[in-house]
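Notes follow the structure.
Here is the naming used below: chain letters follow the sequence lines, and residue numbers restart at 1 for every chain.
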2 protein chains.
Amino acid sequence: MSRSDPTNLQPFVDRLLARSVLTPDEIQAILALPVHPVEVRGQTDFVQVNEKTSCACFIASGMVARFGETRDGQRQITAFHIPGDMVDLNSVVRPIAVGGLTTLCNTTILEVPHTAIRALAVRYPAVAEAFWRDTMLDAAILMQWVVNVGKQRAKTRLAHIFCEMAIRLGGDRQILQEYDFPVSQERLAEAAGMTGVHVNRSLKALREEGLVTVKRYSVKIHDWQRLAQTGEFEADYLVADTGTDRRARLLAGD
Amino acid sequence: MSRSDPTNLQPFVDRLLARSVLTPDEIQAILALPVHPVEVRGQTDFVQVNEKTSCACFIASGMVARFGETRDGQRQITAFHIPGDMVDLNSVVRPIAVGGLTTLCNTTILEVPHTAIRALAVRYPAVAEAFWRDTMLDAAILMQWVVNVGKQRAKTRLAHIFCEMAIRLGGDRQILQEYDFPVSQERLAEAAGMTGVHVNRSLKALREEGLVTVKRYSVKIHDWQRLAQTGEFEADYLVADTGTDRRARLLAGD
DNA sequence: CGCCAGCTTGACCGAGATCAAATGGTGTGG
DNA sequence: CCACACCATTTGATCTCGGTCAAGCTGGCG
């Protein structure tokens, strides 16, 4: 069936439907978007900073990080992207990439040409609206990321990231107590705005406090309550408008 | 004339036209949006964190900061908004405010109801597109902010902020060597993710190096080259697509 | 078996935080 | 026009979290 076809955009539609209302016509049109599957090995930069892109990247499987760079080449990861995410959807209206993209593990990407997405957005304003809303959730996550990196201490920053991923990987609904997370400590450091060494020490502390165990390829949460407490994690910004009654559609006719 | 009327949205149109192509009809429709002028005194929170909003806020004059909060009430400023900005345009598709809004000085705001903006976006897809593009520029600035706060040291963070504001206040075109900036050192600290005391010392260093002089209500840049160097400031993310030839319109008919 | 990347640990350092006090500017009331 | 209050700025002294440097350790893989 279509849902298990790895080159199918059904998961993207599911993602959109969690927050927007779309008609069967519109859904069909999205599923009919031309896609070009690409396999990318782990640790590969596939979009450079300031590169002009010509397609959006849907993540069918694997995991991707968006990052910025300082002059001396240090990286700051600004977002993790998981299967179901349409990365660079923003590039449809603003083709200059904000930051680069790199794979955290072997990843299957479905490239979708801007031209096709644009044609779709023109024909179906409600789809354009759903796209806009989707990019706004990314922006909300990003704002929280600034607060996390700017004002929290090491353990809090890390705990926050593990909480955020537990929610997002759980489909915004269930909280995954255990999940795959192919991120090295060095990468975690780039995300949290600290050094690898200190990530290591902080993870050790979190482990010894019985909150969470992090290995190279997995996260196991032992005490969600206290982890969320430590990470000052409020899920509101991620889930506040995902309820069915809260889904929105500006256009008349529902 | 309309341009000098403080309750007119012409500056908003100008802002949009710098990046998007709009027809005279569409421009007229934007200018016809109902606005409700509000005077807000400085240092006033006028949107709370997680508040559900029902209108967007155009800044006619003054200055506004968006912020997030930690549990103990510390604030992290995630964006400065200047005259001409339509703050919370994102709230049209996602009414839960991402962070609160506070005034940095006496500010004149024109409230525009979501309902009116929605009606406009439905009727004119190209306007919706321009709105989306505008919010994406905010997101790009935000991403840069994460890099700045996460990976740079004190002087660099501050220098970056002064460079960014010099460009933005200069209308993305000229670089203002001197501008009003009604931001206390304490607020600057909240933006840069550091303490007021250290902001003070860092400003002193920047001043003694002959880069920039910052007072309570103004910034005076003495050496743009070296300030940009110190701030690791690349204006690309702000101006890359403002050139006339780069303005975009997805819809056919240009 | 031996290599190499990533993880772990230790010792030391330093940027920036914290605490505390003095200074300076500005608006208000006498 | 001065006195005072209030705030932001400035400066000093001290502390600490996290950075830096360096050395093992571990485990997957050719």
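If you measure from atom CZ of R41(B) to atom P of dG27(C), you get 12 Å, rounded to the nearest angstrom. Rounding to whole angstrom units, CG of residue L158(A) and P of dG18(D) are separated by 10 Å. Atom C1' of nucleotide dG18(D) and atom CG of L188(A) are separated by 16 Å, given to the nearest angstrom. In this structure, R157(B) places its CZ atom 13 Å from P of dA15(C), rounding to the nearest Å. For F181(B) and dT9(D), the CZ to P distance is 12 Å, given to the nearest whole Å. Rounded to an integer number of Å, the gap from CZ of R201(B) to P of dG12(D) is 8 Å. Residue K151(B) contributes atom NZ, which lies 10 Å from atom P of dT20(D) at whole-angstrom precision. The CD-C1' distance, from Q185(A) to dA5(C), rounds to 12 Å in whole Å.
Nearest-nucleotide mapping onto DNA chain D: of M194(A) and E186(B), the residue sitting toward the 5' end is E186(B). For the pair R207(A) and H198(B), both in contact range of DNA chain C, the more 5′-proximal nearest nucleotide belongs to R207(A).
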Please lay out, stage by stage, how R75(A) and E69(A) fare under the test salt bridge (Lys or Arg N to Asp or Glu O under 4.0 Å). CA-CA 5 Å; R75(A) 291 186 169 185; E69(A) 278 175 328; 3.3 Å; yes
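Distance check: Q43(A) CD to L104(A) CG gives 6.5 Å after rounding to the nearest 0.5 Å.
Residue S184(A) is classed as a sugar-phosphate contact, given heavy-atom separations below 4.0 Å to backbone atoms only. As judged by a 4.0 angstrom heavy-atom cut-off over every strand, R216(A) is placed among residues touching the sugar-phosphate backbone only.
Side-chain atoms of R66(B) and M143(A), non-hydrogen and from C-beta on, do get closer than 4.5 Å to each other. F181(A) places a side-chain heavy atom less than 4.5 Å from the side chain of M165(A).
Nearest nucleotide to the side chain of R153(A), out of dG16(C), dT11(D), dC17(D): dC17(D). Listed nucleotides: dG12(D), dT9(D), dC7(C). Nearest to the side chain of N200(B): dT9(D). Taking only side-chain atoms of V197(B), from C-beta outward, the nucleotide of dG12(D), dC7(C), dT9(C) with the closest atom is dG12(D).
For the pair D85(B) and R15(B), the salt-bridge criterion is met [side-chain N within less than 4.0 Å of a carboxylate O]. Of the charged side-chain nitrogens involved, none lies within less than 4.0 Å of a carboxylate oxygen, so that E209(B) and R226(B) do not count as a salt-bridged pair.
Using a 4.0 Å cut-off, some side-chain N or O of K204(B) falls inside it from OP1 or OP2 of dT11(D).
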Produce the list of close N/O pairs, under 3.5 Å, pairing protein atoms with atoms of nucleotides 28-30 of chain D; give distances to one decimal.
none

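In this pair, F233(B) and H160(B) present their aromatic rings perpendicular. The plane angle is above 60°, beyond the 30 to 60° band.
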